Amino acid sequence: MKNDRFLFGILIFIGVLVVTALVLFATGRSGQDYVADGSPEAAVHNYILALTREDYERAYGYLAAGEGKPSSVEFRTFFIRVDPHQNAGLRVGEAEMIEDEAVVDVTVVQGSSGPFDPGFDHPDTAVLQLEAGEWKIVMMPYPFWDFGWYAELPR
C-alpha cells in the first residue's frame, strides 16, 4: 500500500513535468511578434520574422526598389531553396542613421551541425534606405539575402 502511494506520487510528478514542458513549448514558440514599423531595426526584425513564418509576400515588401530587385517569384524561390531559418537566426542590434540611410548591427547565429559543434555567432550589418517614409532593406547578410540582388546598392 505504501509503495503504491509512492509510485502514484512519482507518476503525478512526471505528469506535472510533462504538462509544464508542453505549456512552456507552446508559449515560447509564439513569443515573437511583428513590431511597429518606423525604424530600421523594426524593418529588419519584421523582415526576418516574415521569412521565419514563410510569409514571403510580407518579407518582399521590405526590399528597396531599384534595379536588380528580384521579382517576387525569384525572392520566394531563393528562400525555398536556401531555407535560412533551418539552421540560422539573427539578432538585431542598434542602428546608425545618416540622413536617409541606416546601417543596423546584426549578428547571424548559426546553429550547430553536430553534437560536438557549438555553432557560432557572426557579427554583420544590414543596410537600409528611407523610401517614401518607410525603411527598406538594401542588403542583409547571407543566408537572409542573395548577393545577386542589387548589383549596385540602390540610391
Side-chain angles (χ1 to χ4, degrees), residues 16-155:
V16 168
L17 285 178
V18 168
V19 169
T20 303
L22 290 173
V23 167
L24 290 174
F25 177 75
T27 57
R29 291 185 56 95
S30 64
Q32 288 282 346
D33 269 329
Y34 292 108
V35 296
D37 288 325
S39 71
E41 299 95 335
V44 172
H45 171 88
N46 290 341
Y47 173 78
I48 296 300
L49 186 56
L51 289 178
T52 301
R53 292 182 176 178
E54 298 179 0
D55 185 354
Y56 300 117
E57 185 177 330
R58 182 171 183 151
Y60 185 75
Y62 287 101
L63 269 58
E67 189 174 330
K69 179 179 180 177
S71 70
S72 61
V73 172
E74 291 170 326
F75 181 79
R76 183 177 26 257
T77 302
F78 173 78
F79 287 109
I80 289 170
R81 191 180 74 240
V82 171
D83 196 13
H85 60 277
Q86 192 64 266
N87 199 31
L90 194 83
R91 280 195 305 264
V92 181
E94 299 295 316
E96 182 179 328
M97 293 180 273
I98 301 172
E99 296 180 17
D100 62 345
E101 296 180 340
V103 176
V104 179
D105 293 326
V106 295
T107 304
V108 178
V109 181
Q110 290 288 146
S112 66
S113 60
F116 302 109
D117 177 16
F120 65 93
D121 295 357
H122 173 69
D124 212 321
T125 57
V127 180
L128 294 88
Q129 68 184 23
L130 199 56
E131 288 181 5
E134 295 181 347
W135 288 102
K136 299 293 182 171
I137 300 170
V138 175
M139 188 179 70
M140 289 284 293
Y142 185 84
F144 305 100
W145 195 261
D146 183 350
F147 291 108
W149 303 337
Y150 303 107
E152 292 183 25
L153 295 180
R155 281 286 311 146

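Note that the numbering runs from 1 along the sequence shown for the chain. In this text the structure is predicted, and so the values were computed from the model without any measurement.
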- Message: So if I apply the side-chain contact (heavy atoms from CB on, under 4.5 Å) rule between Met140 and each of Ile48, Val127, Asp124, which one comes out positive?
- Response: Ile48
- Task: List the steps, then state whether side-chain contact (heavy atoms from CB on, under 4.5 Å) holds for Arg91 with Val109.
- Result: CA-CA 7 Å; Arg91 280 195 305 264; Val109 181; 3.4 Å; yes
For the backbone of [Y] and the side chain of [X], can you confirm whether one donor and one acceptor N or O come within less than 3.5 Å of each other?
| X | Y | value |
| --- | --- | --- |
| Asn46 | Val35 | yes |
| Glu131 | Ala65 | yes |
| Glu41 | Ala95 | yes |

- Could you tell me how the ring of Phe79 sits relative to the ring of Tyr56: parallel (under 30°), tilted (30 to 60°) or perpendicular (over 60°)?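 Rings of Phe79 and Tyr56: parallel, as their planes differ by under 30°.
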- Give the C-alpha distance, both sets of side-chain angles, the deciding distance and a yes or no for side-chain contact (heavy atoms from CB on, under 4.5 Å) between Thr77 and Glu74. CA-CA 5 Å; Thr77 302; Glu74 291 170 326; 5.7 Å; no
Nearest heavy atoms of [X] and [Y], plus distance in Å:
| X | Y | answer |
| --- | --- | --- |
| Val104 | Gly93 | CG1-O, 4.0 Å |
| Ile137 | Ala43 | CD1-O, 4.2 Å |
| Pro143 | Val108 | CD-CG1, 4.3 Å |
| Lys136 | Ala64 | CB-CA, 3.5 Å |

- Task: State whether Arg53 and Asp33 are salt-bridged, where the test is any N-O pair (Lys NZ or Arg NE/NH1/NH2 against Asp/Glu carboxylate O) under 4.0 Å.
- Result: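 The answer is yes: the pair qualifies as a salt bridge.
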- Please walk me through it: do Leu128 and Tyr62 pass side-chain contact (heavy atoms from CB on, under 4.5 Å)? CA-CA 9 Å; Leu128 294 88; Tyr62 287 101; over 6 Å; no
- Note on the structure: Checking Phe147, Tyr60, Trp149 against Phe78 for ring-ring contact (aromatic ring centres under 6.0 Å, His included), the one that qualifies is Trp149
- Message: Tell me if the centroids of the rings in Trp145 and Tyr150 come within less than 6.0 Å of each other.
- Response: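 So the answer is yes for these two rings.
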